[in-house]
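What follows is one structure encoded as structure tokens, with my remarks underneath.
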Amino acid sequence: MNQDKGVTKNYLLHMDDKESYRVMNQIGVKQCVLPSPSVHNASWDALLTSEGELYLSLCSELTTSEYAKLAKYDYQKNKVEEIFYTKELIFSNERFIRDSKIHTSLAQLGDGRLIMLTHTTDKSPDHPAWMPNAYYNHPWEGFPGSSLILYDPTTNKAENYGIPVHRETLYGGTYDAVKNAYYALGYMKGHLYRIDLDDRQVTDYGQVVEKASYRLIVGSDRNIYFTSRNGVLMRINVETQKVENLRHILPNSSEKYRRNRSYMTYGVNGPDGRLYMSGMFNDEISVYDPKTDCFEVIGHYKQPEFYIKGIENHDYIGAMDFDANGVLYYIICGLRQDSGEDFKLGNSLMRWDIMNGKDPEFLGLAGTESRVTTSSCSLFIDKGIQILYIISTNHGNDAPDVIAVDLSVYKEKAHELGPVTHDPFVYSENKLYKEHGESIRNTRKVWENNPYAFTAKSVIPVALWKEFSDEEIFDSGVKKLVWNSGHLELFTGEKSFYQYILDQSGKILHKRPITSLEADSQINLELELPYYPGRQYQAVVDKMISINGDRYFIATKDGMLAIWDGRNVFALGPACSNGPVHDLTVTKDGKKVYGVAGDIDDFSIVFEYSNEKGLRWLGTVATDGYQYGCFNSPYLTSIALNESDTILAIGSGGRMGSVYLYSI
């Protein structure tokens, strides 16, 4: 891009200058701040309808154990009015984790009704913090599942269509107008779901992202685009109803900070029909052309030498939209590394005339002298009346606000920055800033002291699924692991089968197709085994392995564990909360057993048994390492110790087959 001379440098201020805290020019600007303090401290969804009406969610995040609301902004009155309260639509137990959000799922149907999903990021009143994974399987204190809600603006009636996916919180969704269907991504397990709105049937596509990727964008070709947590661009072909891996990856420019977040934070269709995207913790905009399958990174969205103080490169575009002239307006959200990843700074309003080859322009902090935006995931431009809307969220524990800008008068004065803000949440030395930062750190301490994932000295994850085509993706699932002379031999497949050989660093040394997989031999023993009362028919031997003392470690078809010494059976209890044991492995001396267990639609866990400590549940398999990015495998199929008992290999099945090499 060519430097736009004479436009930016007179107004952009150096990072070390207090003047860098100036807000946007105030001409044509309205701000509606909801009353504070409030039980709703966030807004993580908004929608500008085809009729020009702006709806937004009111959410509770990590604070008050509250339920979400839907609201509407009136530009003429500069007022936000509540539409409905999800608590009144949901049959909910007081001990449940709360439906605290409507999160990036608002869409408009062809008949004008709005469709959306509830999501959770707030705790049960009985918990010290928001802990969805920890209580995933708790029938009374877990999260029952996201509710699908439809709202009719003409009748002002909201209707709960029920929970399409149980025990999962749906993180984002959008509407397919071609087939009258709704697609949604799961937060915890990363599955994709299709809800047919004609027959109300749900299709589970399996795991398509590692976890926690939320943005689904309808492209100019009417297909739906999203990325994995690690930034792999995917497409839902709405005609064929299949998921396509486009094999393009959003860049990540933050090598030392949060490499595990590269997913698309926002996407918008440009005047040229291409999809413009931004990735988390990346300072570039990427563009994809559906017509040509061309993907390119078009440049940095901020100017390195002139920028708001304190961002420290840990930033991302929260929301963006093109105006009627094809100029891109966007919000840059920034994080303070020394204050915890969830603490936001003042957000910068930018614009970029990409179509005419100009450079990005810094327009000041988004907001007013008294209050600026500290985070946003929603920005819309009503091209007919030239109004730009910014919905602000997570301004401490205060309520959200809406900023409305009349572009017809604002855009000519945009570079004449407004006054320095007095908002305390922009200044890290302010007492309120520090107090809020401390509350976030306290929440994080609860999470750190109560991990739900299995940990070891180190782990090397290997994404086998990336080796497979869309048609053969389920063949990436691991079926068996065997260590042989210091190398890991693994077998995958559903319809077509493969043999891999990996070294101890995770490098694939060999891959070849094979004709079939050897079936497990049946074990027929008449033993008095433990059982769940009422499910005695499942009390038969399913897995068995020799351990020290001439004994056998046994797992039943129902996941109950026991030790048999040839005469007596000693019950150990269940291997997991629900489901069978998939595989077992034992140390060389026979003193410790490791296993993986769990229902195919549940979360599998790793467990261990030793004579000294008995049976211990070790947790799920998920990693967030900077070196490898994000990995998460809900369905575990196999486990094997190497010959020296120093590396524990764990394999996952399903659509995103992976193997993990844990140093123990």
Side-chain angles (χ1 to χ4, degrees), residues 189-191 204-208 210 454 459-485 487-504 506-523 541-545 553 555-557 559 575-576 579-586 593-607 620-622 631-643 647-662:
K189 294 192 290 184
H191 285 216
D204 183 350
Y205 285 77
Q207 187 182 14
V208 299
E210 300 82 2
F454 169 54
V459 58
I460 299 172
V462 182
L464 302 172
W465 65 274
K466 292 183 179 180
E467 304 274 322
F468 290 80
S469 68
D470 296 335
E471 292 74 23
E472 295 183 323
I473 190 66
F474 280 99
D475 291 332
S476 70
V478 179
K479 298 297 185 182
K480 186 177 181 180
L481 297 172
V482 179
W483 285 96
N484 188 2
S485 301
H487 292 99
L488 180 64
E489 189 176 4
L490 61 91
F491 302 88
T492 73
E494 285 288 342
K495 296 180 179 179
S496 299
F497 306 100
Y498 297 88
Q499 177 198 42
Y500 284 81
I501 296 177
L502 277 64
D503 66 16
Q504 295 186 11
K507 181 181 179 182
I508 298 174
L509 303 177
H510 179 72
K511 175 188 176 183
R512 70 179 182 92
I514 56 178
T515 56
S516 62
L517 294 178
E518 184 180 341
D520 291 337
S521 59
Q522 296 293 316
I523 304 170
V541 178
D542 186 43
K543 300 283 187 301
M544 187 169 73
I545 194 167
F553 189 90
T556 73
K557 286 189 175 181
C576 60
V581 173
H582 300 291
D583 201 9
L584 297 168
T585 189
V586 64
V593 175
Y594 290 93
V596 287
D599 188 88
I600 189 172
D601 291 322
D602 211 322
F603 266 106
S604 298
I605 68 163
V606 184
F607 65 87
T620 62
V621 167
F631 279 73
N632 180 46
S633 294
Y635 177 40
L636 305 178
T637 56
S638 49
I639 190 167
L641 275 164
N642 69 344
E643 294 94 334
I647 300 177
L648 184 65
I650 299 176
S652 74
R655 194 185 186 105
M656 297 182 76
S658 301
V659 65
Y660 300 78
L661 303 178
Y662 285 93

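Starting from 1, each residue takes its place in the sequence as its number.
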Test your reading of the model: is there a side-chain donor-acceptor pair from [X] to the backbone of [Y], 3.5 Å cut-off?
X: Ser476; Y: Gly657; answer: yes
X: Gln207; Y: Asn632; answer: yes
X: Asp475; Y: Glu494; answer: yes
X: Asn642; Y: Trp483; answer: no
X: Asp542; Y: Ala555; answer: no

Glu467/Tyr498 under side-chain contact (heavy atoms from CB on, under 4.5 Å): CA gap, chis, key distance, verdict: CA-CA 11 Å; Glu467 304 274 322; Tyr498 297 88; over 6 Å; no
What closest approach, in Å, do [X] and [Y] show between heavy atoms, and which atom pair accounts for it?
X: Thr637; Y: Gly653; answer: CG2-N, 3.6 Å
X: Tyr594; Y: Leu641; answer: CD1-CD1, 3.9 Å
X: Ala575; Y: Ile605; answer: O-CD1, 3.5 Å
X: Gly651; Y: Leu481; answer: N-CD1, 3.6 Å

Could you tell me whether the side chain of [Y] reaches within less than 4.5 Å of the side chain of [X], counting heavy atoms only?
X: Val621; Y: Tyr662; result: yes
X: Tyr500; Y: Val659; result: no
X: Ser638; Y: Asp583; result: yes

[atom1]/[X] to [atom2]/[Y] distance, rounded to the nearest 0.5 angstrom?
X: Asp503; Y: Ile460; atom1: CG; atom2: CD1; result: 8.5 Å
X: Glu643; Y: Asn484; atom1: CD; atom2: CG; result: 7.0 Å
X: Ile639; Y: Thr585; atom1: CD1; atom2: OG1; result: 6.5 Å
X: Lys480; Y: Glu518; atom1: NZ; atom2: CD; result: 5.0 Å
X: Ile501; Y: Leu488; atom1: CD1; atom2: CG; result: 9.5 Å
X: Leu490; Y: Lys511; atom1: CG; atom2: NZ; result: 10.5 Å

Kindly indicate, with the supporting measurements, whether the criterion side-chain contact (heavy atoms from CB on, under 4.5 Å) is fulfilled by Phe607 and Leu584. CA-CA 10 Å; Phe607 65 87; Leu584 297 168; 3.7 Å; yes
Tell me which pairs pass side chain to side chain donor-acceptor pair (under 3.5 Å) where either residue lies in residues 649-660, with sequence neighbours left out. Ser633-Ser652, Ser633-Tyr660
Phe468 six-ring face occupied by Lys495 cation (under 6.0 Å, within 45°): no
side-chain contact (heavy atoms from CB on, under 4.5 Å) evaluation trace for Phe553 with Val586: CA-CA 9 Å; Phe553 189 90; Val586 64; over 6 Å; no
Using the side-chain contact (heavy atoms from CB on, under 4.5 Å) rule, take Tyr635 and His582 through it: C-alpha gap first, then chi angles, then the decisive distance, then the call. CA-CA 10 Å; Tyr635 177 40; His582 300 291; 3.8 Å; yes
